[in-house]
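Have a look at the structure below, then the notes.
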Protein chains: 2
Amino acid sequence: MIPRQQVEKRVAEFLETCRRQGVKATHQRTEILRELAGSEEHPDAETILARVRKRIPAISVDTIYRTLRLLEDRGVIARVGSMRDRARFDANTDRHHHFVCTECEMIGDFCSDAMDRIPVPLEVSEMGSVEGVYVELRGICRKCKQKAMKTKGPT
Amino acid sequence: MIPRQQVEKRVAEFLETCRRQGVKATHQRTEILRELAGSEEHPDAETILARVRKRIPAISVDTIYRTLRLLEDRGVIARVGSMRDRARFDANTDRHHHFVCTECEMIGDFCSDAMDRIPVPLEVSEMGSVEGVYVELRGICRKCKQKAMKTKGPT
DNA sequence: AACTCCTTTCGTAATAATTACTATTTAGGA
DNA sequence: TCCTAAATAGTAATTATTACGAAAGGAGTT
Ligand SMILES: [Mn+2]
Ligand SMILES: [Mn+2]
Ligand SMILES: [Zn+2]
Ligand SMILES: [Zn+2]
């Protein structure tokens, strides 16, 4: 579980960003971010909608998608997950990367100093200027592997 | 431009894979792969469809998508590009990574031994078994940067 | 060749995810 | 408080992708 304190810190940062950038800090936006910041599972838009609806029953699909785009564009949240599935979101802006299970779509966080320290290859500098990195390790999670064992029988 | 020879090598490999896996090597599949293997731009499904239609006018949308999924599942091609845009495809199976321009969606290839040598963090091994890596550097390409210069004026 | 059986394709319909539209509401400043 | 541009709700539209059913293809058999 993510500490309430940290969630509120992210929300406060967002409210500050709004003030600086002349964007309105609405109830809807705040609750969407609060929901996402309190989750460790990198939920998709639909899941976020369902959860925020518990607190704001009349919130619309449009607002969810529009807000997620807004937050992403301002760098408050990030879009994660592989192309084959629907978009997933992440309010954790600390530098980290993801492990994705190709079976159940579970997404886990990890850090790697080694990875973060790699310089941008010259080849890339010639293509353009790099502003962000996205690293995703793909495989089968523990849970899915065990499930496969039970079904097919052990090795 | 990609040498004809290399394109045909990839096509031949695919035909071999078909034989081994008991999948039919149809004209449609062959032409879709040939088109993709001959392109350096990581085209999307729609683009591939339009191009293959020049040679097989009656080919259907279904066949394009079904075939792309088949090829991806067999590891013959890969799906690339970031979540915000439509899926893009790549028939280059040599280990490499991508630079993506967030402005014009241009996708360029690059290699990085440093990146490929990084061991999987323990943290990740505990989550599951890693079977693939996807690395994407994001930024603004040269062309888009120059365009921005002309519009807004230089620094 | 004609027959059989299974795979694949075409043409089109359906679905799923995301985005757009417009009347109405609201945040935040004067 | 009052005003106004910005944002939202409810719904329609769009886009990308997948599903379906009838027809075609292809390989082995007679
Ligand atoms: Mn994360
Ligand atoms: Mn590539
Ligand atoms: Zn899993
Ligand atoms: Zn560009």
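Just so we're on the same page: letters track the sequence lines, and every chain starts at 1.
A sub-4.0 Å separation between OP1 or OP2 of C:dC10 and a side-chain N or O of B:Gln28 is present. Distances shown here put a side-chain N or O of B:Thr26 below 4.0 Å from the OP1 or OP2 atom of C:dT9. Here B:Arg69 reaches the OP1 or OP2 of D:dT18: one of its side-chain N or O atoms lies under 4.0 Å away.
Checking D:dT17, D:dT8, C:dG28 against every side-chain atom of B:Ala45, the shortest atom distance belongs to D:dT17. In the set D:dA16, C:dT8, D:dT8, the nucleotide with an atom closest to the side chain of B:Arg29 is C:dT8.
As a whole-Å value, the separation of A:Arg86 CZ from D:dT17 P is 15 Å. Between the CZ atom of A:Arg79 and the P atom of C:dA17 there is a distance of 14 Å, rounded to whole Å. When rounded to the nearest whole Å, the span between CG of A:Asp62 and P of C:dT24 equals 17 Å. Rounding to whole angstrom units, CZ of residue B:Arg84 and P of C:dA17 are separated by 18 Å. What separates CG of A:Asp44 from P of C:dA17 is a distance of 8 Å, to the nearest Å. Distance A:Tyr65 OH to D:dA7 P: 20 Å, rounded to the nearest Å. Atom pair A:Ile32:CD1 and D:dA7:C1' shows a separation of 12 Å (rounding to whole Å applied). The separation between B:Ile64 atom CD1 and C:dG11 atom P is 13 Å, rounded to whole Å.
Here B:Arg84 pairs with A:Glu72 in a salt bridge; the nearest charged N to carboxylate O distance falls below 4.0 Å.
As judged by a 4.0 angstrom heavy-atom cut-off over every strand, A:Arg66 is placed among the base-contacting residues.
The residue among B:Met83 and B:Thr63 whose nearest nucleotide of DNA chain C is located toward the 5' end is B:Thr63. Projected onto DNA chain D by closest heavy-atom contact, B:Lys24 and B:Glu46 fall at different nucleotides, the more 5' of which corresponds to B:Glu46.
Under the 4.5 Å side-chain heavy-atom criterion for Ile, Leu, Val, Met, Phe, Trp and Tyr, B:Val100 and B:Met106 are members of distinct hydrophobic clusters.
Between the side chains of B:Arg10 and B:Thr93, at least one donor-acceptor pair of N or O atoms lies under 3.5 Å. Under 3.5 Å, the side chains of B:Asp116 and B:His97 contain a donor-acceptor pair of N or O atoms. Counting only N and O atoms by type, the side chains of B:Asn92 and B:His42 include no donor and acceptor under 3.5 Å apart.
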